[in-house]
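Order of listing sets the numbers, starting from 1, for every ligand and every atom in it.
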Amino acid sequence: MSVKLLGPAEIRDLAELLDVTPTKKLGQNFVIDANTVRKIVKVAHVEAGDSVVEIGPGLGSLSLGIVEAGASLVAVEIDGRLAAQLPATFAQMAPDAKLTVIHEDAMKIMELPDEPTRLVANLPYNVSVPVLLHFLEHFPSIRSGVVMVQAEVGHRLAAEPGSKVYGGPSAKAAWYGAWRIAGTVSRQVFWPVPNVDSVLVGFERDTEEPGDEALRGRTFDIIDAAFGQRRKMLRQALSELCGSSAQATELLERAGIEPTLRGEQLGIAEFVSIARAS
Ligand code: SAM
């Protein structure tokens, strides 16, 4: 398929045409470097015939890389000007590509066409974790993906129990599968240049999740309580959720977890055990 990628000049021309000044509120830092786009698509193992969902296509830099690899694309964009332009950009740069644009807040998306199997995105920084968890929760067809996020967030998503940056997002992400840091990205590949570093994070969904929706909800409530009071022992951190510290201790003992441990010491399997015992 013949596809042209966007470079710095095309990105600026498009922004000028649309009278777009990138906004911080929507995390609008556009990738202006074709090599970075190809690197993301390669690390994500996007292949011909894949069905990919992208959150926040912006002016289309990464979107064009995804279809260049032969995938079909569903792109969800909150900014009406950008969503409206994307089909026109594709008509010029990738006329044969299969593209569906959804103009909506990604957090509100409950249905997608095509049952995408991969998620590939340069996520808006301010909502990257909630948006990611929302898509993993609602779209089990998504089996793997690569997202570009702020470096701190990426290291948190991929952290193991006991590490300094391990927290609620790490434990929740682990419910869905395995996460890894898949590369770093220079600030210079963005326009405007952000004041934070970015990394690529890859994930593979486990073939079987630890349980059903009700169990996931209970597990996530326990994770929130455990990390809400990160420095406290579990028997104290879970006391409000359980009614009292004594009831929290009882629950933890039923689950076979030492009540004097802290949340940062537990992996997802232990959080699930507590939820099962509750
Ligand atoms: N993918 C493009 C690129 O790599 O150049 C743009 C990435 S930019 C970091 C993030 C994009 O997400 C912007 O286009 C922004 O408008 C969009 N966005 C921000 N919040 C969103 C939301 N809640 N739902 C969907 N898109 C959102």
**Q** With heavy atoms of Asp105 as the reference, note each atom of ligand 1 found under 4.0 Å away.
**A** 22 (C), 23 (N), 24 (N)
**Q** Is any side-chain N of the basic residue among Asp19 and Arg81 closer than 4.0 Å to the acidic one's carboxylate O?
**A** no
**Q** Checking contacts here: is it the side chain or the backbone of Met107 that comes within 4.0 Å of ligand 1, counting heavy atoms only? Could be both or neither.
**A**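 Neither; nothing of Met107 gets under 4.0 Å from ligand 1.
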**Q** Please state whether Glu104 comes within less than 4.0 angstrom of ligand 1, counting heavy atoms only.
**A**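 Glu104: in contact with ligand 1 (<4.0 Å).
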**Q** Answer with yes or no whether the side chains of Ser144 and Arg118 bring together a donor and an acceptor at under 3.5 Å.
**A**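 Yes, Ser144 and Arg118 have a side-chain donor paired with an acceptor closer than 3.5 Å.
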**Q** Could you tell me whether the side chain of Asn29 and the main chain of Trp191 form a donor-acceptor pair under 3.5 Å?
**A**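 Looks like no, no N/O pair under 3.5 Å.
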**Q** Just heavy atoms, cut-off under 4.0 Å: does Asn29 contact ligand 1 by side chain, backbone, both, or neither?
**A** backbone
**Q** How far is atom 10 (C) of ligand 1 from the closest protein heavy atom, and which atom is that?
**A**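 For this ligand atom, the closest protein heavy atom is Gly27 O, 3.5 Å.
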**Q** For atom 5 (O) of ligand 1, which candidate among Asp79, Leu64, Leu82, Val31 holds the nearest heavy atom?
**A** Val31
**Q** Show me which atoms of ligand 1 lie under 4.0 Å from any heavy atom of Glu77.
**A**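 Matching atoms, with element in brackets: 13 (C), 14 (O), 15 (C), 16 (O), 17 (C), 26 (N).
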**Q** I'd like to know if Glu68 and Lys4 make a salt bridge, using a cut-off of under 4.0 Å between side-chain N and carboxylate O.
**A**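 No, this pair does not count.
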**Q** Out of all atoms in ligand 1, which are within 4.0 Å of some heavy atom of Phe30? Include the element for each.
**A** 5 (O), 6 (C), 14 (O)
**Q** When you check the side-chain N and O atoms of Ser245 and Gln236, is any donor under 3.5 Å from an acceptor?
**A** no
**Q** Which ligand 1 atoms are under 4.0 Å away from a heavy-atom of Val76?
**A**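 With Val76 as reference, the close atoms of ligand 1 come out as 25 (C), 26 (N).
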**Q** Return yes or no for this condition: an N or O of Val127 is under 3.5 Å from an N or O of ligand 1.
**A** no
**Q** Relative to ligand 1, is Ala106 under 4.0 angstrom through side chain, backbone, both or neither, heavy atoms considered?
**A**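 It is both backbone and side chain that touch ligand 1.
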**Q** Flag yes if Val67 and Val74 sit in one hydrophobic cluster, no otherwise; membership is Ile, Leu, Val, Met, Phe, Trp, Tyr, and two members link when side-chain heavy atoms are under 4.5 Å apart.
**A**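 Cluster IDs for Val67 and Val74 differ.
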**Q** List ligand 1 atoms under 4.0 Å from Glu54, heavy atoms only on the residue side.
**A** 1 (N)
**Q** In the protein, which heavy atom is nearest to atom 20 (N) of ligand 1, and how far is it?
**A**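 Checking every protein heavy atom, the shortest distance to atom 20 (N) of ligand 1 gives Pro124 CG, 3.5 Å.
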**Q** Need the ligand 1 atom indices (1-based, order shown) with element for anything under 4.0 Å from a heavy-atom of Gln28.
**A** 13 (C), 15 (C), 16 (O)
**Q** How are the rings of Trp175 and Phe220 set to each other: parallel, tilted or perpendicular (split at 30° and 60°)?
**A**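 Trp175 vs Phe220 ring planes: perpendicular.
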**Q** Within the structure provided, determine whether Val149 and Val199 are in side-chain contact (heavy-atom separation under 4.5 Å).
**A** yes
**Q** Side chain, backbone, both or neither: which applies to Val131 and ligand 1 if a contact is any heavy-atom pair less than 4.0 Å apart?
**A**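 For Val131, no heavy atom sits under 4.0 Å from ligand 1.
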**Q** Does either side chain, that of Ser278 or that of Arg218, offer a donor lying less than 3.5 Å from an acceptor on the other one?
**A** yes
**Q** Students should be able to answer this: which protein heavy-atom is nearest to atom 12 (O) of ligand 1, and at what distance?
**A** Gly56 CA, 3.2 Å
**Q** Can Glu258 and Arg235 be counted as an ion pair, charged N to O under 4.0 angstrom?
**A**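 Salt bridge between Glu258 and Arg235, a charged N being under 4.0 Å from a carboxylate O: no.
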**Q** Is it the side chain (CB and beyond), the backbone, both or neither of Pro57 that lies under 4.0 Å from ligand 1, heavy atoms counted?
**A**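 Backbone only.
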**Q** I want to confirm something. Looking only at heavy atoms, which of Leu26, Ile78, Leu59 is nearest to atom 21 (C) of ligand 1?
**A** Ile78
**Q** Test question: given the 4.5 Å side-chain rule for I, L, V, M, F, W and Y, name all other residues clustered with Val193, or answer none.
**A**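 Its cluster partners, ordered by chain and number, are none at all.
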**Q** Note the single closest protein heavy atom to atom 4 (O) of ligand 1, along with its residue, its atom name and the distance in Å.
**A**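 Checked against all protein heavy atoms, atom 4 (O) of ligand 1 sits closest to Asn122 ND2, 2.9 Å.
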**Q** I'd like to know if Glu137 and Arg216 make a salt bridge, using a cut-off of under 4.0 Å between side-chain N and carboxylate O.
**A**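 Result for this pair is yes, salt bridge flagged.
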